[in-house]
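I have placed the structure first, in the form of structure tokens, so that the comments after it can refer back to it.
Quick caveat, the model's predicted, so the values are computed rather than measured. For the numbers below, each heavy atom of this structure counts, side chains included, while hydrogens, waters and symmetry mates do not. All chains are named by letter (A, B, ...) in the order of the sequence lines, taking the proteins before the strands, and each is independently numbered beginning at 1.
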Number of protein chains: 2
Amino acid sequence: MSQARRDTPNERLAPKAVVGRLSLYLRQLELFERQGLITVSSRRLGTVLGIGDAQVRKDLAFFGQFGYPGVGYRIEELGQALRRVMGIDHEWPLALVGLGNLGRALLKYRGFRARGFRIAALLDNDPKKIGHSHSGLVIEPIDACARVVAEHHIALAVLSVPGEAAQATADLLIAAGIVGILNFAPVTLTMPPHVNIVAVDLSIQLENLAYLVANTEPKPSATRLPEQAEGG
Amino acid sequence: MSQARRDTPNERLAPKAVVGRLSLYLRQLELFERQGLITVSSRRLGTVLGIGDAQVRKDLAFFGQFGYPGVGYRIEELGQALRRVMGIDHEWPLALVGLGNLGRALLKYRGFRARGFRIAALLDNDPKKIGHSHSGLVIEPIDACARVVAEHHIALAVLSVPGEAAQATADLLIAAGIVGILNFAPVTLTMPPHVNIVAVDLSIQLENLAYLVANTEPKPSATRLPEQAEGG
DNA sequence: TAGATTGTTAATCGATTAACAATC
DNA sequence: TAGATTGTTAATCGATTAACAATC
């Protein structure tokens, strides 16, 4: 419940790499909190995430002064501060667009809800799906997105339509006022500058993994030396 | 069917950022190929992906000399070369571990198959699920992973178990010979150095999007100037 | 040939790591 | 106090961009 102490918000947008790590820090802080810890040092926080202590401090310092020299960071306070700088100190209603296999799985995915993201509307263009209910929500036609977005004050959309439909659907969503899209379609979308997109291309991730595996030394011996691996 | 011309494989592992873009290049090349194009310049390839022409050339040059001055890149030839350097010029059998909502959606996801990844085995620890068939495959207990991995020559696993089970399950998979994991569990896994991991954390991606949206200027006017957005 | 475009070198930019005075 | 740890500056490292001779 304490307030952040010396919050010196930075004018610039944080580097993408920093923001990605912020989410990792927050997740780990919440874990530490459940374990009953009160404070944590940059070294300890970094170690469990495979990140150097200097980098942890630098990342956090970008947004303000949250630590106490000689003590470390107060976990609850830092967690609150990070939620605020990340813009997730309040709920975000989402539109889920495209209710194929992946879309329906995302609808039931509990990780979103746990992080303050609430799916508030379902959109699909398949006449066989429109009108059906999933998890208490009725699927509406994509044409209705302007009304739906306004009604529920939705800013973010999760796009899980087929690749062929992705750009046209995104255009409709943007016209309806959507300003952020989490794109699961395997397509590079073209956007006006005020709209943000984060692409999650599962095949590309798997390809990157294949490359790494194809170019990594095999296990050198029976000895194993645990080491950290990263992700976004 | 042509061979790459002057392939000068680089000893070093390519930077992560380069590998990520390689997948984008390949996807776009395949699109161009379907559109009937024969050659493409670095400028054109870059433009549609929102990447500079110098960067496209530099990325490709890391792996060899694939272009023709004055002409550009032969699309089919470059595509083949990229598939080879990425290690996806052959099929990869996968183990899908964890058949919750997300796991079942991934099983039906067609993007994997289209890219040479074939789910060859299903593993889950829920007694209610073991023995049931999905898409022609029988769910086996995770304890059986050593046998299953050996039988199907599986190197890569897709891990979609709950966060609490992720590390223990990953340890079993590694002991069974798995050397690459696509991790959907919201947990930072600890790995021996010969094992690669790519983390796909959907909540983190959505958090990054929320940050961007919360810190982006709103639409300045009615004029729109389309611009490229990126993703991995 | 003239025009286009590569591969590569040099210049710039940004991100990570190391070091340390200041603080508790 | 002595020990721990921060925030920040300087040093290093890596990645991107610009420029251009070489090539077709």
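Between dT6(D) and S42(A), a contact under 4.0 Å exists linking OP1 or OP2 to a side-chain N or O. Note on Q55(A): every side-chain N or O is 4.0 Å or more away from OP1 and OP2 of dA18(C). Phosphate contact (OP1/OP2 of dT16(D), side-chain N/O of R21(B), threshold under 4.0 Å): present. Taking side-chain N and O atoms only, R57(A) has a distance below 4.0 Å to OP1 or OP2 of dT6(D). For the OP1/OP2 pair of dA22(C) and a distance below 4.0 Å, the side-chain nitrogens and oxygens of Y68(A) include no atom meeting the criterion. For the pair Y73(A) and dA4(D), the criterion of a side-chain N or O lying under 4.0 Å from OP1 or OP2 is not met.
A distance of 12.5 Å separates CZ of F32(A) from CZ of R27(A), quoted to the nearest 0.5 Å. In this structure, CZ in R115(A) is found 10.5 Å from CG in L206(B), a value given to the nearest 0.5 Å.
Within the nucleic acid shown, G72(A) comes within 4.0 Å of sugar-phosphate atoms alone, with no base atom in reach, counting heavy atoms only.
For F66(B) and dT8(C), the CZ to C1' distance is 15 Å, given to the nearest whole Å. Protein atom CZ of F62(A) is 13 Å distant from nucleotide atom P of dT8(D), rounded to whole Å. Rounded to whole Å, atom P of dA22(D) lies 15 Å from atom CD of Q65(B). Protein atom CG of L60(B) is 14 Å distant from nucleotide atom C1' of dT8(C), rounded to whole Å. Rounding to whole angstrom units, CD1 of residue I51(A) and C1' of dT17(C) are separated by 14 Å. L45(A) places its CG atom 16 Å from the C1' atom of dG7(D), with the value rounded to the nearest Å. Taking atom CG of L78(A) as the reference point, atom P of dT5(D) lies 15 Å away to the nearest angstrom. If you take CG of D53(B) and C1' of dA19(D), they are 11 Å apart, rounded to a whole angstrom.
Each of A17(A) and V71(A) was matched to the nucleotide of DNA chain C holding its nearest heavy atom; the match closer to the 5' end belongs to A17(A).
Two residues are said to be in side-chain contact when any heavy atoms from C-beta on lie closer than 4.5 Å; S203(A) and F112(B) meet this criterion.
Closest approach to the A54(A) side chain among dG7(D), dT17(C), dT23(D) is made by dT17(C) (side chain taken as heavy atoms from C-beta onward). Distance from the side chain of S41(A) is smallest to dT5(D) among dA18(D), dT5(D), dT8(D). For K58(A), taking side-chain heavy atoms from C-beta onward, the closest of the listed nucleotides dT6(C), dT8(C), dT8(D) is dT8(D).
Between the T216(A) side chain and the H194(B) main chain, no donor and acceptor come within less than 3.5 Å of each other. Side-chain atoms of Y211(A) come within 3.5 Å of backbone atoms of A14(B) as a donor-acceptor pair (strictly under, hydrogens ignored). Counting only distance, with no hydrogens or angles, the side chain of Q167(A) and the backbone of T190(A) share a donor-acceptor pair below 3.5 Å.
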Next on the checklist: Applying side-chain hydrogen bond (donor to acceptor under 3.5 Å, both in side chains) to D59(A) and Q55(A), what does each step give before you reach the verdict?
Outcome noted: CA-CA 6 Å; D59(A) 285 348; Q55(A) 179 144 87; 4.8 Å; no
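Scanning DNA chain D for stems, defined as runs of 3 or more consecutive Watson-Crick or G-U wobble pairs whose donor-acceptor distances all fall under 3.5 Å, gives the following ranges: C:3-24 with D:3-24.
Residue I38(A) places its CD1 atom among 12 or fewer non-hydrogen atoms of other residues, nucleotides or ligands, all under 6.0 Å distant.
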